[in-house]
Structures are given as C-alpha cells and as structure tokens.
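Remember, predicted model here, so these are calculated numbers, not experimental data.
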Amino acid sequence: MNFQHPITSKQPNVGTTIFAVMTGLANQHGAVNLAQGFPNVEVDPKLIALVDKHSREGKNQYAPMPGLPALKEKIAEKIEESYGAKYHPINEILITAGATQAIYSSLSAIVFPGDEVIVIEPAYDCYEPGIKLNGGIPVRTQLTADMKVDWKDVQNKISPKTRSIMINTPHNPTGSVLLKEDLLTLEKMVKNTNVIIISDEVYEHIVFDGERHESVCRYPALAERSIVMFSFGKTYHVTGWRLGYCIAPENIMKEIVKCHQFQSYCIHTPVQYAVTDYMDNKEKYLELNSFFQQKRDYFLSLVKQTKFKALPCAGTYFQLLSFAHLSDESDREYANRLTIDYKIASIPISVFYHNFRDDKILRFCFAKTDETLEKGVEGLIKVK
Ligand code: PMP
Ligand code: GLN
C-alpha cells in the first residue's frame, strides 16, 4: 500500500487486552493456560444437543432484537426466585453478547461527555475503555489491603458530575465479595442523588463458604437505580457462546436497548432457544457454588507444595498468589517468565490498575479439570 492513513487513535494508551496476550503467549510456549478466565470442564452434552436441535429445526435467522421473549421470561423467574425482585421480561431485561456488551451498551446509554464514573480498582479491564469511548471520565478508588471497598473514599469522590458507580461482586480479579453492609452503605450514599449503579454480577453463582450472593436486586432502593449484568458463559461453562444479559428499570432499559440495537442488533438465535429450554434444570446453576469451591480447595491444596502465598478467595473462579517474597521483577515480567520457562500462564494484577500498581500478585483461573490444575502447579513447584 502506498498510502498510510494518519489515523488518530481514540485509545492511544490501550493495547491488546491482557487475556488475549497471555493466552497467545501460553499457546506459543505450550504452557498450561490458567490466565484467561474460561473453564475447560465438560459442557453438558444435553445443552449442546439443544443448540444442535434448534439449529436443525431452522432457528437460524435473526432473533428478536432485544432477545427471545421465552428466554427473558425464564430469566425474570430466576431473578425473582434468587433475589426476590420482579423484573418485567419484555421491558426490563435485555439479552446481550456476553456481559461485555451489556457493560458497553449500558455505558453508551448513560454516559454523557464530561460525566464522571466511579471505578473501584483493581477493575475488570473493559470498564475504563467503555467509559472513555463514551466521553466519560473514570474516577478511581482502590480496594483496601484486605480487599474491601473504601466507602469513605467513594463518598468523597461523588460529585455533581457523578453519573455512575461501577461495582463488581464476586470480584474479578481479587475474588472478594460485597456483603450486606456494603450494599446498605452504598444504598444510603446514593439515596438523594441521580447516580446509576452498574453492578457486574457475572459470578453470581460462584460464592464460597456458605455466603450468599449479595445482588443489588435484593435491595429495592438500589435496584431502582441499577443496571445489573449476568453471563450464561460463566453459569453454563460456555464463555465462547457470548450469551449474557442485563436488567434495569424500564426507563433506563429503554435507553440501553436503543444502543444495543445498533451495537449488535440481536444475539445468536439457536443458543437463545437452547438456553431457554435448559434453564428448567435449576440444579445446574445451584450446584456451581460447591463445584467451584471444590476446585478452589483442590487448587489451594496443590499450591501448598509451592513457595507462592495464596490470598483469600471468597468467590469467582480466580485465585490470587503473591510472589512478593520470591522476586523483585514486575508482575508482568514474572508472569511472562512463568509462562515461558515454567509453562504456566497467569494474569498479572497490575493490568487492572490505571497506574499499573504492582503488588507482585498473579491471578490463576481454577475453573479447570483436576489434571489441568495438577499440570499447571507442576510448573509452580519448580519455582525456587
Ligand atoms: N465482568 C467480569 C468481572 C468478568 O470477569 C467477565 C468475563 N470473565 C465479564 C464481565 C464479561 O463476561 P462475558 O464473557 O459474558 O462477556
Ligand atoms: N473475563 C475473563 C477473565 O477475566 C476473560 C474474558 C475475556 O477474555 N475477554 O479472564
């Protein structure tokens, strides 16, 4: 090509997402990939058969733009059963291409140029780009050393320009969860404001040690100003199917749907039909807590053979391990070296901070078969 367009980047400081980078490095070096968060446990063959059935039966054209009504009915039932909250299936639930699109469409719908959005760091990596691409300004607060939200700091950061506060429970990457008192504090804080809560709850069914998931849906005074995200990718071990949803009061949802219709129009049709049928098997999501708790505990028992220090993990399928006492390298360098030399890939936590704060902690995904976990930890055992 003779001409190179002088394109100006809208995201000059954004590179490739760490999940693609570390998965690429793991594949290149034949490392066990405990980096990107995806399960390699078996997907229920019945669910796969349902996708096949619906596709063969001709459900292959565009689905209704905001999602299949029957699927939204099932979701409304599930939310009511789980959290005692009533959402109107047609007007208050939207099917999206994973929670990722739900987050982006929501930010597109509510953020005006110059609006501030409070982000709690370490934060999942799609939040800030979504805010900034829509002209918003991220205002950051950081979790305390024991992985709690510093609500005083959040309060101090609320201004007349605050459009939204983004929360995430169970929390990626730390594995911490919000408790009832957190939500009650938040509820009080936003009471006389127009702040909209964006609540990312994709790990709603991965909460350990008998705790219950504290969804904002349980708190009517929060729910009435919240957009809540969920993901079938997490619930049915099918992250590649890109099926998620968000729920919000009708007037807010109306604006999100206006964005969704031009961002993806609708979502994969046979998968929506299949999941609609499959949702009748309630035990499939109810048993996830104990399934993943066993995985966490097995991974932790293996890690005991290594020099790494495990941090507490109350939810999600991620375990943090500290290497602060083992090396002075940056977490990125260290994660790269573990992948290349020890054949075990992880995610460096600094990428979840805007200033790349480095506490020398790595994130490992334990949503894997026992064999994969054993093979991964073999590499960690060799680290001196
Ligand atoms: N939020 C969090 C906290 C996540 O960890 C993820 C993905 N693991 C997402 C959102 C995106 O979910 P999805 O794959 O459904 O787009
Ligand atoms: N959410 C997953 C994680 O935290 C990855 C999602 C992605 O690759 N976009 O690892």
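- Two residues are said to be in side-chain contact when any heavy atoms from C-beta on lie closer than 4.5 Å; L380 and Q305 fail this criterion.
- Residues meeting the side-chain contact (heavy atoms from CB on, under 4.5 Å) test with F112, sequence neighbours left out: D115, R163.
- If you chain together hydrophobic residues whose side chains sit under 4.5 Å apart, L34 and L338 fall into the same group.
- Looking only at side-chain heavy atoms (C-beta outward), M253 and P66 stay at 4.5 Å or farther from each other.
- Classification of E333 and R337 as a salt-bridged pair fails, no side-chain N sitting under 4.0 Å from a carboxylate O.
- For D359, the salt bridge (charged side-chain N to carboxylate O under 4.0 Å, His left out) partners at least two apart in sequence or on another chain are R357.
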Exercise for the section: Step by step, work out the side-chain contact (heavy atoms from CB on, under 4.5 Å) result for Q293 and D209. Expected result: CA-CA 8 Å; Q293 182 166 327; D209 307 316; 3.4 Å; yes
Name the atoms and distances for all side-chain donor-acceptor pairs under 3.5 Å in residues 238-248, with sequence neighbours left out.
unit_1, atom_1, unit_2, atom_2, d
R242, NH1, T239, O, 3.1
R242, NH2, T100, OG1, 3.4

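- Interatomic distance, L47 CG to E42 CD, rounded to the nearest 0.5 Å: 11.0 Å.
- Looking at every heavy atom in both residues, A102 comes nearest to T96 through CB-OG1, 3.6 Å.
- Between Y334 and F323, the ring planes are parallel. Angles under 30° get that label, and only those over 60° would be called perpendicular.
- Between L143 and H171 there is a side-chain heavy-atom pair separated by less than 4.5 Å.
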Practice task
Please test F364 against V303 for side-chain contact (heavy atoms from CB on, under 4.5 Å), starting from the C-alpha separation and ending with a verdict.
Solution key: CA-CA 11 Å; F364 294 80; V303 165; over 6 Å; no
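- At a threshold of 4.0 Å, the pair K78-E80 does not count as salt-bridged, since none of the basic side-chain nitrogens sits closer than that to a carboxylate oxygen.
- Environment of CZ in R225: crowded, with over 12 heavy atoms of neighbouring residues, nucleotides or ligands closer than 6.0 Å.
- F230 and F38 are not part of a single hydrophobic cluster, where members link through side-chain heavy atoms under 4.5 Å apart.
- When all heavy atoms are compared, the tightest approach of G136 to V111 is CA-CG1, 3.5 Å.
- Partners of Y219 according to the ring pair (Phe, Tyr, Trp, His ring centres under 6.0 Å) rule, which considers only residues two or more places apart in sequence or in another chain, do not exist here.
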Practice task
Using the salt bridge (charged side-chain N to carboxylate O under 4.0 Å, His left out) rule, take E378 and K343 through it: C-alpha gap first, then chi angles, then the decisive distance, then the call.
Solution key: CA-CA 9 Å; E378 262 172 39; K343 308 295 176 211; over 6 Å; no
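- In this structure, Y127 and Y124 have perpendicular ring planes: the angle between them is above 60°, well past the 30° mark.
- Looking at Q36 and C365, their side chains never come closer than 4.5 Å, going by heavy atoms from C-beta outward.
- For residues 8-22, the side chain to side chain donor-acceptor pair (under 3.5 Å) pairs, not counting sequence neighbours, are T17-D125.
- Contact of the H213 side chain with the P170 side chain is registered, since non-hydrogen atoms from C-beta on lie closer than 4.5 Å.
- Within 6.0 Å of CG on N156 lie more than 12 heavy atoms contributed by other residues, nucleotides or ligands.
- You'll find the side chain of L362 reaches within 4.5 Å of the side chain of P348, heavy atoms only.
- Legend: residues meeting ring pair (Phe, Tyr, Trp, His ring centres under 6.0 Å) with Y203, ordered by chain and number and at least two apart, are Y317, F318.
- Atom NZ of residue K254 and atom CD1 of residue I252 lie 12.5 Å apart, to the nearest 0.5 angstrom.
- Between E214 and L179, the shortest heavy-atom contact is CG-C, 3.9 Å.
- Applying the side-chain contact (heavy atoms from CB on, under 4.5 Å) criterion to P312, with sequence neighbours excluded, gives no partner residue.
- Contact record, A35 with R363: O-NH2, 2.8 Å, taken as the closest heavy-atom pair.
- Note: L178 CG to K148 NZ = 9.0 Å, rounded to the nearest 0.5 Å.
- Every residue meeting the side-chain contact (heavy atoms from CB on, under 4.5 Å) condition with A109, not counting sequence neighbours, appears here in chain and number order: E255, I256, C259.
- In this structure, K234 and L288 approach most closely via the heavy-atom pair O-CD1, 4.0 Å.
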Problem - Verdict with supporting geometry, K180 and D182, salt bridge (charged side-chain N to carboxylate O under 4.0 Å, His left out) - result: CA-CA 5 Å; K180 185 174 182 179; D182 290 301; over 6 Å; no
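- For D341, there are no salt bridge (charged side-chain N to carboxylate O under 4.0 Å, His left out) partners two or more places apart in sequence or in a different chain.
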Please tabulate, for the side chains in residues 183-197, all donor-acceptor contacts under 3.5 angstrom to protein atoms that are two or more places apart in sequence or on a different chain.
unit_1, atom_1, unit_2, atom_2, d
T185, OG1, E181, O, 2.6
T193, OG1, V190, O, 2.7
T193, OG1, V195, N, 3.1

Output side-chain donor-acceptor pairs under 3.5 Å for residues 266-277, partner residues at least two apart or in another chain, one line each.
unit_1, atom_1, unit_2, atom_2, d
H268, ND1, V271, N, 3.3
T269, OG1, Q61, O, 2.4
T269, OG1, A63, N, 3.2
Q272, OE1, L68, N, 2.9
Q272, NE2, I267, O, 2.8
T276, OG1, Q272, O, 2.6
D277, OD2, H54, NE2, 2.8

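- Between D52 and R56, the closest side-chain pair of non-hydrogen atoms falls below 4.5 Å.
- Under the 4.5 Å side-chain heavy-atom criterion for Ile, Leu, Val, Met, Phe, Trp and Tyr, F299 and I206 are members of the same hydrophobic cluster.
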Practice task
Evaluate the criterion salt bridge (charged side-chain N to carboxylate O under 4.0 Å, His left out) for residue pair K157 and D150; output intermediate values, then yes/no.
Solution key: CA-CA 11 Å; K157 288 190 165 139; D150 181 347; over 6 Å; no
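- Scanning both residues, T339 and A31, for their nearest heavy atoms gives O-CB, 3.6 Å.
- Cluster annotation: L107 and M229 are assigned to the same hydrophobic cluster (Ile/Leu/Val/Met/Phe/Trp/Tyr, side-chain heavy-atom contacts under 4.5 Å, transitive).
- Using a 4.5 Å heavy-atom threshold, the side chains of E73 and I75 count as separate.
- Atoms NZ and SG, on K86 and C217 in that order, are 13.5 Å from each other to the nearest 0.5 Å.
- Atom CD1 of residue I137 and atom CZ of residue R140 lie 10.5 Å apart, to the nearest 0.5 angstrom.
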Handout entry: Worked check of ring-ring contact (aromatic ring centres under 6.0 Å, His included) between F291 and H237
Key = CA-CA 12 Å; F291 176 77; H237 311 311; 5.7 Å; yes
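- Residues passing the side-chain contact (heavy atoms from CB on, under 4.5 Å) test with N91, sequence neighbours excluded: H88, E250.
- Note: L300 CG to L373 CG = 10.5 Å, rounded to the nearest 0.5 Å.
- The cluster map of Ile, Leu, Val, Met, Phe, Trp and Tyr, joined by side-chain heavy atoms under 4.5 Å apart, puts I165 and V202 in different clusters.
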